[in-house]
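Reviewing the structure listed below.
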Amino acid sequence: MNADFGVIGLAVMGQNLALNVENRGYTVAVYNRTRARTEEFMEKKGQGRKLIPSYLLSEFVASLTTPRKIILMVKAGGPTDAVLEQLFSLLSARDIVIDGGNAHYSDTERRIELAQKYDLRYLGVGISGGEEGALHGPAIMAGGDKEGYKQVEQILTKIAGIGPEGACCAYFGPGSAGHYVKMVHNGIEYAIMETIAEAYNLMSRGLKMSAREMADVFGEWNSSDLSSYLFEITEKILRRVDPETGNPLVEMILDQAAQKGTGKWSTQGALDIGSPAPTIAMAVFARVISALKEERVRASTVLSGPDGRIDTDRGQFLQDLFAAVQITVISAYAQGFHQLQDASRERGYSLDLSEVARVWMAGCIIRAKSLTQMAKAFRDEPDLPLLFLVAPFKEIWEVSQAGMRRVVVQAHAAGIPVPAIDSVMDFVDAYRSARLPANMIQAQRDFFGAHTYKRVDRDGVFHTKWEEE
Ligand SMILES: NC(=O)c1ccc[n+]([C@@H]2O[C@H](COP(=O)([O-])OP(=O)(O)OC[C@H]3O[C@@H](n4cnc5c(N)ncnc54)[C@H](OP(=O)(O)O)[C@@H]3O)[C@@H](O)[C@H]2O)c1
């Protein structure tokens, strides 16, 4: 029996992806560096299934029909290179290798070049949805060799999540397009998670609301235009009670956020191409500051400030908070799409942003009801620079900005940090300013560095000897 598809790497993602492919009627070859993991997988989950385990990479390769279709679900970075180094030399021309891990896009570009030397078809594919998604239907963001994609399209489409506009799987473009889209997906995920954390903090610290009351608010928001996976799980998190203490479990969790690096990459990517993604950046920095627990504890006894209480009409504040959160969440997507558009131009991806929005509608962590309207906005205007310029997002900005401004003022007055919400307020206010104070920056650059400047009244490049009258 030969396998239709191969999976290398049998940690949670690889195991579940292998089972997902097998569930769709394919025979799947599986291999893992450490033999014991494969054996455990076969014993616990492989009984009676069309799975072919191998304990040598050469055996795994031999168990696949040609052209071989192999996905790697191994730790990103060095481990992926280590596997590819062995794998490439065992394969035949035109076999298809898919990296389904969270690779950095520059690594994907480098690996594509290497694969070409072996005449292999290489795909960099972002897979989102975590453990559950991998098993029941992830969002799949593919890029790389187009012919290779055509040959695995049927399998990938069958295992993908199904959204309101079809299977959440698409080919986005050559090179590292798929991994770039997945990277920005994760950046948006960071920004939305931070926004939710800020709303939780304002309610909990500012309004002294109980976990149950906050769960009700998130539940209500999740039945509105804000409906999305991350709001849904936040309600569930707030309802969970710690069996040991009887307290809400979330309150028993140490306030130090970890990260694996994709939010940082997304921000670095935005900086590399001069794309404005301040909210994603602030979300990364918020995690960095959270990690400085000892420093924060010390500073809390040294630096004074307001006590965090927000004394106001709770109903009105919650209404305003909804407005602030809604605008911030839309802005997280808007900044992400802007970055994708800039990267597409810069790196030649030819991304279709309506397709990106469509693929994010199900299976992935940032799936949300509003993506349907975002997909439509980009279908209507493929080069739309910012979502807020068109309906319904323009109207949301118009209606909600006053409430958002009140939240920012009250948060600062109470001494509660709201970096994501704040960054969006500044971002949109800057973006909608026909004139910004950058003229002063240009004057300063010219003053100390003779960097020259342009004038508003005539063409040309100018330099002033500022210290000479
Ligand atoms: N977990 C998620 O929710 C999630 C979501 C989306 C994408 N991803 C991405 O999907 C990929 C797999 O994620 P995961 O969480 O299932 O597993 P992981 O912890 O990222 O990686 C574990 C796998 O990598 C293998 N590995 C590690 N070092 C290796 C090396 N030097 N040589 C060969 N194999 C090596 C391990 O083999 P051994 O058993 O031999 O150690 C194991 O199969 C990653 O790239 C991850 O970033 C994960």
Side-chain angles (χ1 to χ4, degrees), residues 6-21 28-46 51 53-58 60-61 70-90 97-108 111 123-143 156 159-161 168-169 176 178-190 193 229-230 233 258-266 359-360 362-367:
V7 177
I8 298 179
L10 294 174
V12 281
M13 292 295 283
Q15 285 195 15
N16 283 350
L17 209 74
L19 295 174
N20 188 350
V21 177
V28 182
V30 293
Y31 170 81
N32 191 74
R33 176 186 59 167
T34 307
R35 182 189 179 102
R37 209 195 274 268
T38 311
E39 286 172 345
E40 193 189 344
F41 171 60
M42 289 307 296
E43 196 187 308
K44 290 199 175 146
K45 301 190 181 155
L51 295 170
S54 291
Y55 300 96
L56 285 175
L57 200 54
S58 54
F60 166 82
V61 167
I70 298 168
I71 192 164
L72 266 74
M73 294 305 296
V74 302
K75 212 179 254 310
T80 301
D81 282 322
V83 174
L84 290 177
E85 199 177 303
Q86 288 183 51
L87 180 68
F88 280 178
S89 58
L90 295 170
V97 178
I98 308 166
D99 177 10
N102 274 335
H104 189 275
Y105 62 91
S106 61
D107 284 341
T108 302
R111 290 166 187 156
L123 294 167
V125 176
I127 298 184
S128 173
E131 208 176 324
E132 280 298 296
L135 182 61
H136 299 296
I140 301 178
M141 296 149 252
L156 295 185
I159 64 167
C168 291
C169 173
S176 54
H179 276 145
Y180 201 99
V181 171
K182 171 61 163 54
M183 177 185 78
V184 172
H185 162 287
N186 284 28
I188 295 170
E189 176 185 310
Y190 271 56
M193 290 169 73
Y229 174 70
L230 285 168
I233 66 167
Q259 48 182 324
K260 281 195 170 170
T262 45
K264 180 185 79 176
W265 291 351
S266 190
V359 165
W360 288 348
C364 70
I365 305 298
I366 62 169
R367 59 187 185 257

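Nothing here was measured: the structure is a model prediction, and the numbers come from that model. Note: hydrogens, waters and symmetry copies are ignored here, and every other heavy atom, side chains too, is used. In listed order, ligands and their atoms are each counted from 1.
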Under 4.0 Å from a heavy atom of [X]: give me the atoms of ligand 1 that qualify, with their elements.
{"X": "Gly9", "answer": "43 (O)"}
{"X": "Ile127", "answer": "6 (C), 7 (C)"}
{"X": "Gly130", "answer": "3 (O)"}
{"X": "Val83", "answer": "33 (C), 34 (N)"}

Pair Lys45, Gln15: side-chain N/O donor-acceptor within cut-off below 3.5 Å: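 Lys45 vs Gln15: donor-acceptor pair found between side chains.
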Donor-acceptor contact below 3.5 Å, side chain His185 vs main chain Gly126: no
Any donor-acceptor N/O pair, Thr80 side chain to Lys75 backbone, under 3.5 Å: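 Checked: pair present.
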Do [X] and ligand 1 have an N or O pair less than 3.5 Å apart?
{"X": "Val74", "value": "yes"}
{"X": "Lys260", "value": "no"}
{"X": "Met13", "value": "yes"}
{"X": "Asn32", "value": "yes"}
{"X": "Ser128", "value": "no"}
{"X": "Thr34", "value": "yes"}

Among Val83, Ile71, Leu72, the one residue meeting side-chain contact (heavy atoms from CB on, under 4.5 Å) with Val97: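 Answer to the side-chain contact (heavy atoms from CB on, under 4.5 Å) test with Val97 among Val83, Ile71, Leu72: Leu72.
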Which atom names give the shortest non-hydrogen contact between [X] and [Y], and what distance separates them?
{"X": "Leu19", "Y": "Leu135", "result": "CB-CD1, 3.7 Å"}
{"X": "Pro53", "Y": "Thr38", "result": "CB-CG2, 3.9 Å"}
{"X": "Ile127", "Y": "Lys182", "result": "O-CE, 3.1 Å"}

Got the closest protein heavy atom to [atom], with its distance?
{"atom": "atom 39 (O) of ligand 1", "answer": "Arg37 NE, 2.6 Å"}
{"atom": "atom 28 (N) of ligand 1", "answer": "Pro79 CB, 3.4 Å"}
{"atom": "atom 20 (O) of ligand 1", "answer": "Lys75 CA, 3.6 Å"}
{"atom": "atom 41 (O) of ligand 1", "answer": "Arg33 NH2, 2.9 Å"}
{"atom": "atom 10 (O) of ligand 1", "answer": "Met73 CE, 3.5 Å"}
{"atom": "atom 8 (N) of ligand 1", "answer": "Asn102 ND2, 3.8 Å"}
{"atom": "atom 17 (O) of ligand 1", "answer": "Ala11 CB, 3.3 Å"}

Distance in Å, Leu10 CG paired with Met42 CE, rounded so as to fall on 0.5 Å steps: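 These two atoms lie 9.5 Å from each other.
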Straight-line distance of Arg111 CZ to Asp81 CG, nearest 0.5 Å: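 Those atoms lie 4.0 Å apart.
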Part of Leu10 with heavy atoms under 4.0 Å of ligand 1, whether side chain, backbone, both or neither: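 For Leu10, the contact with ligand 1 is made by the backbone alone.
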Part of Val12 with heavy atoms under 4.0 Å of ligand 1, whether side chain, backbone, both or neither: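 Both parts.
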Parallel, tilted or perpendicular: rings of Tyr31 and Phe60 (30°, 60°):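 Correct class here is tilted.
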Asp107 side chain near His179 side chain, heavy-atom distance below 4.5 Å: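 No, every pair of side-chain atoms sits at 4.5 Å or beyond.
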Residues which pass ring-ring contact (aromatic ring centres under 6.0 Å, His included) with Tyr105, listed by chain and number, not counting sequence neighbours: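 Expected list: Tyr180.
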